[in-house]
Engineer: 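Once you've had a glance at the structure underneath, I'll fire off some questions.
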Amino acid sequence: MNAVRKKRLYIVLAILVGVSIAVALALSALKENINLFYTPTEIAAGKAPVGAQIKAGGMVEKGSLKRSGDSLDIEFVVTDFAKSVTVRYHGILPDLFREGQGIVAVGKLQADGSFSAEQVLAKHDENYMPPEVTKALKDSGKLPSEGTPGKEG
């Protein structure tokens with residue numbers, strides 16, 4: 001093999017290695033930033049990863065909201081009417097957050113089965129429910145008949 005061909009081969013190999021490293025880094029970054037949605041039934045079944053950032057959603061159980069008197073700590077129960085999961089949140093809840101309403105919480109599942117939320121997303125009007133929550137409730141056969149869930153207004 002002459003010197004010119006050898007030099008071209010090294011350049012092609014260097015480009016392939018560089019592209020491979022870039023693709024690997026991009027895929028790694030995407031994998032870490034994906035927030036998969038899980039219902040309370042899936043969380044109770046052990047399908048949700050412990051310690052990884054996920055989304056959990058469903059309906060806030062009536063009578064389950066507990067506020068701390070001296071801090072912004074809040075605890076409530078989210079259900080898909082088949083199973084329930086306790087959500088702990090530190091912060092101010094959205095204005096539209098209510099018991100009996102659909103929510104999506106972004107956070108991490110703890111080893112004890114509770115969910116530590118970093119963000120709580122509530123529906124934005126009386127007729128809207130997050131699409132993930134609507135699908136989960138339809139799958140469980142417990143979708144409330146009021147309003148038109150899943151449609152933005």
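None of the values given here were measured: they were computed from a predicted structure.
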Engineer: So which atom in Val50 and which in Gln110 form the shortest heavy-atom distance, rounded to 0.1 Å?
Structural biologist: CG1-C, 3.9 Å
Engineer: Which residues pass the side chain to side chain contact (heavy atoms under 4.5 Å, CB included) test with Arg8, sequence neighbours left out?
Structural biologist: Val4
Engineer: Set out, in order, the CA-CA distance, both residues' side-chain angles and the distance that settles side chain to side chain contact (heavy atoms under 4.5 Å, CB included) for Phe37 and Ile54, then state yes or no.
Structural biologist: CA-CA 6 Å; Phe37 179 83; Ile54 62 170; over 6 Å; no
Engineer: Answer yes or no: is there an ion pair linking Arg88 with Glu75, defined by an N-O contact shorter than 4.0 Å?
Structural biologist: yes
Engineer: What's the shortest heavy-atom distance between Ala105 and Val87, and which atoms?
Structural biologist: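 It is CB-CG1, 4.4 Å.
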Engineer: Measure the CG-OG distance between Leu109 and Ser116 for me, rounded to the nearest 0.5 Å.
Structural biologist: 10.0 Å
Engineer: Are Phe115 and Val77 connected into the same hydrophobic cluster when the rule is that any two of I, L, V, M, F, W, Y join if their side-chain heavy atoms are below 4.5 Å apart?
Structural biologist: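 No; tracing contacts between hydrophobic side chains, which count when under 4.5 Å, never links both residues.
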Engineer: Would you say the side chains of Ser64 and Glu99 form a donor-acceptor pair under 3.5 Å?
Structural biologist: no
Engineer: A quick test of your reading: do over 12 heavy atoms of other residues, nucleotides or ligands sit less than 6.0 Å from CG of Asp95?
Structural biologist: no
Engineer: Side chains of Ile74 and Leu65: does their closest heavy-atom pair fall under 4.5 Å?
Structural biologist: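 The answer is yes, as the side chains (C-beta and beyond) meet within the 4.5 Å cut-off.
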Engineer: Donor-acceptor pair, Thr79 side chain versus Lys83 backbone, under 3.5 Å?
Structural biologist: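 Judged by distance alone, yes, a pair lies under 3.5 Å.
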Engineer: Measure the spacing between CG of Leu93 and CZ of Arg67 and express it to the nearest 0.5 Å.
Structural biologist: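 Leu93 atom CG to Arg67 atom CZ measures 5.5 Å (nearest 0.5 Å).
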Engineer: Are Tyr38 and Pro49 close enough that some pair of their side-chain heavy atoms sits under 4.5 Å apart?
Structural biologist: yes
Engineer: Using the ring-ring contact (aromatic ring centres under 6.0 Å, His included) rule, take Phe76 and Phe97 through it: C-alpha gap first, then chi angles, then the decisive distance, then the call.
Structural biologist: CA-CA 11 Å; Phe76 54 93; Phe97 179 92; 4.9 Å; yes
Engineer: Does Lys108 reach the side chain of Glu118, with side-chain heavy atoms less than 4.5 Å apart?
Structural biologist: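 SC-SC contact between Lys108 and Glu118 confirmed.
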Engineer: Please check if Ile15 and Val23 belong to a single hydrophobic cluster, counting links between Ile, Leu, Val, Met, Phe, Trp and Tyr side chain heavy atoms closer than 4.5 Å.
Structural biologist: yes
Engineer: Specify the closest pair of heavy atoms between Ala56 and Ile43, including all atoms of both residues, with the distance to one decimal.
Structural biologist: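 Ala56 and Ile43 have their closest heavy atoms at CB-CD1, 3.7 Å.
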Engineer: When rounded to the nearest 0.5 angstrom, what distance separates CG in Leu72 from NE2 in His90?
Structural biologist: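 It is 5.0 Å, given to the nearest 0.5 Å.
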Engineer: When you measure from the side chain of Gln101 to the backbone of Arg98, do you find a donor-acceptor pair of N or O atoms at a distance under 3.5 Å?
Structural biologist: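 No; judged by distance alone, with no hydrogens or angles, the pair does not exist.
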Engineer: How about CD1 on Ile11, more than 12 heavy atoms from neighbouring residues, nucleotides or ligands closer than 6.0 Å, or not?
Structural biologist: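 Atom CD1 in Ile11 is crowded, with more than 12 foreign heavy atoms closer than 6.0 Å.
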Engineer: Shortest non-hydrogen contact from Phe81 to Met59?
Structural biologist: CE1-CG, 3.6 Å
Engineer: With rounding to the nearest 0.5 Å, note down the distance linking OG1 in Thr39 to CG in Asp80.
Structural biologist: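 Spacing of OG1 (Thr39) from CG (Asp80) equals 5.0 Å.
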Engineer: Taking all atoms of both residues into account, what is the closest heavy-atom pair of Ala82 and Thr41, and its distance?
Structural biologist: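 The answer is CB-OG1, 3.6 Å.
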Engineer: What pair of heavy atoms forms the shortest contact from Val78 to Gly57, and how long is it?
Structural biologist: CG1-C, 3.6 Å
